[in-house]
Amino acid sequence: MARNITPRQENYSQWYLDVIKAAELADYAPVRGCMVIRPTGYSIWESIQSKFDAAFKKTGHVNAYFPLLIPDSFFRKEAEHVEGFAPELAMVTHAGGEKLEEPYAVRPTSETVIGSMYSKWIQSWRDLPVLINQWCNVMRWEKRPRLFLRTSEFLWQEGHTAHETAQEAREETLRMLEVYRSIIENEIAIPVLAGEKTAGERFPGAVDTYTCEAMMSDTKALQAGTSHFLGQNFAKAFDIQYQNREGELDYCWTTSWGVSTRLIGALIMTHSDDDGLIVPPRIAPVKAAIIPISKDESVAENDILPKAKELSAKLDDELGGMFTKVDTDFHARPADRFFTHLQKGVPLRLELGEKDLAAGTVRIVRRDTGAKIDAANDKVVETVKNLLDEIQSNLFTKAKTFRDNNTHDASSYDELKEIIESKGGFVRAYFGGTPEDETRIREETGATPRVIVPGDHKGKCIITGNEGARLTVFAKAY
RNA sequence: CGGGGCGUAGCGCAGUCUGGUUAGCGCACCUGCUUUGGGAGCAGGGGGUCGGAAGUUCGAAUCUUCUCGCCCCGACCA
């Protein structure tokens, strides 16, 4: 049992912070609300990034980079956008030792700068669609920061597309939502509900917002990715016009979508346990730690290490890329070395000692279950491959079962209130109310509508009593 | 931003109320020996000026004022 991590049951937030610290994922920076992403954490981000980036390329998107500083006036061009972001903008008022004529905002998101550029680049329907993504940092001055979940500065990806028709833009919005769902579920092993947000939860300036909503292991909800249909709001604000097929001027239809380093927070709070981090195999930068052990340090180094390196090379070679890491911390005792990799969430631990060499086997230990398997040398590659697949699916299934077990139905507002208070988790109820109703529900229960359940579920609204309300998931959220 | 808690060695803490010789303890770290398959034992070491600033005092970790930061709850949050 880990002795440097507070048990989850005792104090969930402390557990979360302890896991991050023990796995050396991040540390607090000198500036309030900012964090340093340490190598172990950053390598997980790189791994996540590469999955998404490949998928974006596959769906026809290209990467570009837009500047960090945005003229303050840009934000005022879209009424809802400015209202939504004004409170969290960081402003640069001085530069070069002088006060600036017009302050620059440190980007909280780039719809505005990108919109201004699109208006220059797009002339004709032949220029469309424009499908651009950028990987960058953004800053939102948060009142209550939490590592990975809500920091003032964070890393993310923002896709910005412009289309000829509303239909096409809507399809794009949903296409990217599906890309998100599939990667978050299949690679990061986090089950999500991919669906529409209610009016009160919309991105400022969007016509429709969609989310991939996940449940953390304390039953609170976390928005893991969003995709927005922006209609012609930004096109009108930034004058993104093109000449259509009939020769007339028309406004584009735009979308934007993003996932951030918050996914690392989601990964932690979905899979990890009281021993520390657990990283799903497909995301894990190191999938197996190979640990040569012997009572005699020189034997470990001179006799066993070469075998370990051989095994490492074989696994890397047959299973692809930077697959394994050989632990050469011979001065530490085995148990200490085991814990290091355990806490960093490495999916498999391969122990190689004199006993194993004599028996022609390798001892394999699973991070998710702790199960130990002695695999014969000629079966190691196959066993490792199978175990990684098993761990991947086990993590997903476990998380999904947990979510399903903590999802309840409410047929009245009172019942919703009662369930949120007594059990927590996701509560499904028919809802067709206004943003004002949402505010009231939040004030009275602490829960908010997280996502409209995908599919055509209609019923009687628990607030207004009107028929035709959509089945909506309510929960307390991060 | 409001309420509460807290900043003393890398981490966790004691000491603060009732100012006073070289500021302690556990873990971690370093050296040696014995150990070694889920966080070892003994012995010997290194490391802090007490979050920061100003003040009171012969004397401040301890008292006063200001300030910075962290955690929890609340408000807010695409």
Side-chain angles (χ1 to χ4, degrees), chain A residues 1-6 11-18 21-22 24 27-35 75 78 80-89 107-111 138-147 149-152 154 156 158 197 200-206 209-211 222-228 230 256-260 262 275-276 291-297 299-300 304 329-343 349-357 359 361-367 370-372 374 439 442-443 446 448 477-478:
Chain A
M1 186 59 78
R3 60 191 181 204
N4 54 347
I5 295 176
T6 306
N11 183 339
Y12 196 87
S13 336
Q14 193 55 52
W15 166 82
Y16 176 75
L17 295 169
D18 288 348
K21 186 179 280 184
E24 297 178 348
D27 204 348
Y28 293 103
V31 176
R32 178 192 160 72
C34 293
M35 66 173 169
F75 286 88
E78 215 289 337
E80 286 182 27
H81 198 64
V82 64
E83 199 189 319
F85 280 106
E88 12 189 304
L89 289 184
R107 67 175 160 228
T109 177
S110 304
E111 275 76 6
V138 286
M139 179 160 274
R140 299 176 185 183
W141 214 252
E142 299 291 351
K143 302 206 160 125
R144 207 176 151 188
R146 279 175 134 261
L147 292 179
L149 298 177
R150 178 168 286 110
T151 45
S152 294
F154 57 93
W156 78 344
E158 45 179 327
K197 281 284 191 191
E201 294 284 320
R202 244 175 239 148
F203 175 75
T209 286
Y210 297 82
T211 177
L222 182 81
Q223 179 173 300
T226 48
S227 185
H228 315 291
L230 303 173
S256 69
W257 25 276
V259 296
S260 71
R262 178 182 248 200
D275 278 339
I291 310 179
I293 32 177
S294 168
K295 293 174 200 255
D296 186 338
E297 270 188 42
V299 171
I304 305 181
D329 242 354
F330 300 117
H331 68 275
R333 280 162 306 99
D336 294 316
R337 296 159 73 192
F338 296 168
F339 254 83
T340 305
H341 300 102
L342 194 71
Q343 300 212 311
R349 178 172 83 231
L350 274 53
E351 300 171 15
L352 200 57
E354 282 139 327
K355 293 178 202 170
D356 309 283
L357 288 184
T361 59
V362 175
R363 166 153 293 187
I364 305 176
V365 184
R366 286 175 67 151
R367 173 62 183 89
K372 294 174 181 170
D374 287 314
T439 305
R442 191 186 68 227
E443 284 168 355
T448 47
Y478 277 100

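Side-chain N or O atoms of A:R262 include none that pairs as donor or acceptor with a backbone N or O of A:F154 at under 3.5 Å. Side-chain N or O atoms of A:Y16 include one that pairs as donor or acceptor with a backbone N or O of A:L147 at under 3.5 Å. With hydrogens and angles disregarded, a donor-acceptor distance shorter than 3.5 Å links the side chain of A:R367 to the backbone of A:L342. The backbone N or O of A:F75 sits nowhere less than 3.5 Å from a side-chain atom of A:H81 that would complete a donor-acceptor pair. Proximity of a side-chain donor or acceptor of A:E158 to a complementary backbone N or O of A:S110 within less than 3.5 Å is detected. A distance-only check finds no donor-acceptor pair linking the side chain of A:T209 to the backbone of A:K197 [under 3.5 Å].
As rounded to whole Å, 11 Å separates atom P of B:rU36 from atom CD of A:E354. Counting to the nearest Å, the P atom of B:rA75 and the CZ atom of A:R150 are 13 Å from each other. Atom-to-atom, CD of A:E24 to C1' of B:rG10 comes out at 12 Å; the value is rounded to the nearest Å. Taking atom CG of A:D329 as the reference point, atom P of B:rG39 lies 17 Å away to the nearest angstrom. Whole-Å rounding puts the A:H341 NE2 to B:rG38 P distance at 15 Å. With rounding to whole Å, A:E88 atom CD is found 13 Å from B:rC76 atom P. Between the C1' atom of B:rG41 and the CG atom of A:D336 lies a distance of 13 Å, rounded to the nearest Å. Atom pair A:D18:CG and B:rC11:C1' shows a separation of 11 Å (rounding to whole Å applied).
Residues satisfying the side chain to side chain donor-acceptor pair (under 3.5 Å) criterion with A:N11, sequence neighbours excluded, are absent altogether.
When Watson-Crick and G-U wobble pairs are counted only if both distances are under 3.5 Å, B:rC6 pairs with B:rG69. Both distances falling under 3.5 Å, in either a Watson-Crick or a G-U wobble arrangement, place B:rC1 opposite B:rG74. When Watson-Crick and G-U wobble pairs are counted only if both distances are under 3.5 Å, B:rA40 pairs with B:rU34. With a cut-off of 3.5 Å on both pairing distances, B:rC17 has no Watson-Crick or G-U wobble partner at all. In this entry B:rC29 has B:rG45 as its Watson-Crick or G-U wobble partner, both defining distances falling under 3.5 Å. Both distances falling under 3.5 Å, in either a Watson-Crick or a G-U wobble arrangement, place B:rU64 opposite B:rA54. Across all strands shown, B:rG59 forms no Watson-Crick or G-U wobble pair with both key distances under 3.5 Å.
Heavy-atom distances to RNA chain B give each of A:F85 and A:I293 a nearest nucleotide, and the one nearer the 5′ end belongs to A:I293. Place A:H331 and A:P87 on RNA chain B by their nearest nucleotides, and A:H331 ends up nearer the 5' end.
Rounded to whole Å, the C1' atom of B:rC50 lies 25 Å from the corresponding atom of B:rC30. Nucleotides B:rG15 and B:rC29 have their C1' atoms positioned 24 Å apart, rounded to a whole Å. Separation of the C1' atoms belonging to B:rU64 and B:rU56 is 7 Å when rounded to the nearest angstrom. Taking atom P on both B:rC27 and B:rA40, the two are 12 Å apart, rounded to the nearest angstrom.
At the phosphate of B:rG38, OP1 or OP2 sits under 4.0 Å from a side-chain N or O atom of A:K372.
Within 4.0 Å (heavy atoms only), A:F330 reaches no atom of the nucleic acid at all. Note on A:R363: a base of the nucleic acid sits closer than 4.0 angstrom, heavy atoms only. When heavy atoms are screened at a 4.0 angstrom cut-off, A:I291 is found touching no nucleic acid atom at all. Contacts of A:G84 with the nucleic acid, taken as non-hydrogen atoms under 4.0 Å apart, are absent. Among the heavy atoms of the strands, none lies under 4.0 Å from A:E158. Using a 4.0 Å heavy-atom distance criterion, A:R349 is classed as a base contact. A:P334 comes within 4.0 angstrom of a base, heavy atoms only.
One N or O donor and one acceptor, one from the side chain of A:D356 and one from the base of B:rG37, sit under 3.5 Å apart. Below the 3.5 angstrom threshold, one finds a donor paired with an acceptor across the side chain of A:Q343 and the base of B:rG39.
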Distances under 3.5 Å between protein N/O atoms and the N/O atoms of nucleotides 68-72 of chain B, please, pair by pair.
residue, atom, partner, partner atom, Å
B:rC70, OP2, A:R32, NH1, 2.6
B:rC71, OP1, A:Y28, OH, 2.8
B:rC72, OP1, A:S13, OG, 3.4

Show each protein N/O and nucleotides 46-48 of chain B N/O combination with a separation under 3.5 Å, one pair to a line.
none

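Taking the centre and axis of the six-membered ring of A:F338, the NZ or CZ atom of A:R349 falls inside the cone set by 45° and 6.0 Å.
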Legend entry - Verdict with supporting geometry, A:E201 and A:T211, side chain to side chain contact (heavy atoms under 4.5 Å, CB included): CA-CA 10 Å; A:E201 294 284 320; A:T211 177; over 6 Å; no
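Between A:L352 and A:V362, the shortest heavy-atom contact is CD1-CG2, 3.8 Å.
Taking a centre distance below 5.5 Å and an interplanar angle below 30 degrees as the stacking criterion, A:F339 stacks against the six-membered base ring of B:rG39.
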